[in-house]
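Data first, discussion second: the structure below is written as structure tokens.
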Amino acid sequence: MSKSQDTDTKSVLVVGGAGYVGSHACKAFAEQDWRVTVYDNLSTGHRDAVRWGELITGDLADESALRRVVASNRPNVVAHFAALTSVGDSVRDPGAYYRNNVTGTLNLLQAIRTEGPCPLIFSSTAAVYGDPEQTPIVEDHPKRPINPYGHSKLMVEQILADNDAAYGLRYVALRYFNAAGADPDGEIGERHDPETHLIPLVLRAARDPNFSFSIFGNDFATPDGTCVRDFVHVSDLARAHVAAADYLLMGGASTAMNLGSGCGASVLEIIAGIEQALGRSMPKHFGPRRAGDPPALVAGADKAKELLGWNTMYSLPTIIASAAAWERKARGG
Ligand code: UDP
């Protein structure tokens, strides 16, 4: 009997729990009385974001360390967030992306298989769909990633399906659309370095006249010419992981599902929302398209509703308000 089965307390090993979505998931698990252990190499995550459980510092490349942490924790579920996630970087340095996202996950799966075994929740992405043929995108839409980041995530989904067939290792792959916003209590938030994401960049430009950002393309086939994305609050994403863990513990079959709001907002609409929230307008600079950006990504999110009972709780204005509050706090304002 595993340690976690000795008591009623459920235990989750959160790989990449010092990062943006991972740290919010730790909070969501802890709020549901799960015992949380974080494994993270702190390459992009933050030590002070690990507030709900013990931090074990280690790398996905280190299979023996992964074995030790799985063997000593005997988690009921592993949630795997540890990945390189920048589309642009993946085009410039695909080797790093395949090494970390694919080989690293193989190491983790090997450790889970030999020292667990237990089911896995995997952070996947809308980037597996590539340039969508239609929106909203449902899960059986063709998967044709258009950058190494999306390829690396789709490869892992395939590996997970093969592992389930061969070894009975069950999983849920959660395909995030655009994670955004910050913990409503202001305890954690988005902190990338360098920051490449739209909402934090616009918030920074709104307060710092010396900082500007470009709108990447205004000639897309969308209503206002700028890209349309489905922004989903990070705490909503976090809750979906707890629901997925419960689903797997109840014997749910392996599956992949979208996590999005089902509503799209264009880059210009996001900027207008931020201008409204802050009560000030800002100059807009239009630049060329960014490589690898599809015109519109909007989730069909019925599957998560049906299988997990998951719905988004937070609207776009709340996403913006929570991101703005976090940005103010992060600069000591
Ligand atoms: N974007 C932009 N300027 C920036 C950063 C992002 O116009 O400086 C656009 C980007 O082209 C995309 C949307 O904002 O259409 C969301 O990009 P982000 O990098 O936040 O997330 P992604 O969609 O890449 O996951």
Side-chain angles (χ1 to χ4, degrees), residues 19-21 44 81 83-92 97 101 123-132 135-137 145-154 174-182 189-208 210-234 236-237 258-275 282-299 316 319-320 322-324 326-327:
Y20 175 42
V21 186
T44 57
F81 297 87
L84 299 176
T85 61
S86 158
V87 167
D89 286 350
S90 79
V91 176
R92 284 184 289 276
Y97 274 68
N101 295 4
S123 299
S124 190
T125 168
V128 299
Y129 298 112
D131 234 328
T135 58
I137 305 169
I146 54 174
N147 50 61
Y149 168 63
H151 278 294
S152 73
K153 291 286 183 174
L154 187 57
L174 298 172
R175 296 180 186 145
Y176 310 158
F177 281 63
N178 283 63
E190 187 166 13
R191 263 189 290 169
H192 298 112
D193 186 19
E195 187 53 76
T196 61
H197 291 106
L198 181 67
I199 292 178
L201 289 177
V202 179
L203 285 167
R204 183 167 167 204
R207 76 171 155 83
D208 180 356
N210 298 316
F211 179 80
S212 68
F213 70 97
S214 278
I215 297 167
F216 295 145
N218 61 347
D219 57 351
F220 289 96
T222 58
D224 65 21
T226 64
C227 284
V228 169
R229 293 289 179 272
D230 182 336
F231 293 87
V232 52
H233 195 287
V234 64
D236 280 331
L237 292 181
N258 293 337
L259 294 181
S261 69
C263 296
S266 73
V267 173
L268 283 174
E269 284 170 335
I270 293 294
I271 297 170
I274 291 175
E275 288 178 326
M282 66 187 98
K284 285 146 203 88
H285 307 284
F286 293 97
R289 293 183 181 194
R290 182 173 66 177
D293 261 346
L297 292 171
V298 179
L316 187 55
I319 289 173
I320 290 173
S322 65
W326 171 254
E327 194 267 346

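Predicted, not measured: the structure shown is a model, and the values here were computed from it. Just so you know, ligand 1 is whichever comes first in the structure, and atom 1 is the first atom listed for that ligand.
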Open item on the list: Taking distance alone, with N or O pairs closer than 3.5 Å, would you say Leu198 contacts ligand 1?
Closed with: yes

So the atoms of ligand 1 within less than 4.0 Å of a heavy atom of Arg229 turn out to be 15 (O), 23 (O)

Please assess Leu84 against Asp89 for the test side-chain contact (heavy atoms from CB on, under 4.5 Å), listing each intermediate value before the final yes or no.
CA-CA 9 Å; Leu84 299 176; Asp89 286 350; over 6 Å; no

Point to revise | Expected output: side-chain Arg289 to main-chain Pro295 donor-acceptor under 3.5 Å | key: no

Of all protein heavy atoms, the one nearest atom 8 (O) of ligand 1 is Leu201 CD1, 3.3 Å

Closer than 4.0 angstrom: is that true for some heavy atom of Val87 and an atom of ligand 1?
no

Tested for side chain to side chain contact (heavy atoms under 4.5 Å, CB included) against Leu297, the lone hit among Asp230, Val228, Ile137 is Ile137

of all protein heavy atoms, closest to atom 15 (O) of ligand 1 is Cys227 CB, 3.0 Å

For Thr196, the ligand 1 atoms with a heavy-atom partner under 4.0 Å come out as 5 (C), 19 (O)

Quiz prompt | Cation-pi check, Arg290 onto Phe216 ring (under 6.0 Å, within 45° of axis) | solution = no

the protein heavy atom lying closest to atom 11 (O) of ligand 1 turns out to be Asp293 OD2, 2.5 Å

Discussion item. Assess, by modelled atom type and distance only, whether the side chains of Tyr176 and Ser123 contain a donor and an acceptor separated by less than 3.5 Å.
Written reply: yes

Q) Under the 3.5 angstrom rule, does the side chain of His233 hit a backbone N or O of Ala182 as a donor-acceptor pair? A) yes

Within 4.0 Å of some non-hydrogen atom of His197, the atoms of ligand 1 are 18 (P), 19 (O), 20 (O), 21 (O)

Honestly, for Ile199 the part within reach of ligand 1 (heavy atoms, under 4.0 Å) is neither

of all protein heavy atoms, closest to atom 2 (C) of ligand 1 is Phe216 CD1, 3.4 Å

What class does the angle between the rings of Tyr20 and His192 fall in, given that below 30° is parallel, 30 to 60° is tilted and above 60° is perpendicular? perpendicular

In this structure, atom 9 (C) of ligand 1 is nearest to the protein heavy atom Val267 CG2, 3.8 Å

Nearest non-hydrogen protein atom to atom 24 (O) of ligand 1, with distance, is Arg290 NH2, 2.8 Å

Correct closest heavy-atom pair for Pro200 and Glu190 would be CG-OE1, 3.5 Å

Result for side chain to side chain contact (heavy atoms under 4.5 Å, CB included) between Ser266 and one of Thr222, Asp224, Ile215 points to Asp224

Mind checking whether Ser214 has an N or O less than 3.5 Å away from an N or O of ligand 1?
yes

- Query: So, the side chain of Ser124 versus the backbone of Arg175: is there a donor-acceptor pair under 3.5 Å, distance only?
  - Reply: no

For Asn178, the ligand 1 atoms with a heavy-atom partner under 4.0 Å come out as 16 (C), 21 (O), 22 (P), 23 (O), 25 (O)

Atoms of ligand 1 under 4.0 Å from any heavy atom of Ile215, numbered from 1 in the order shown, are 7 (O)

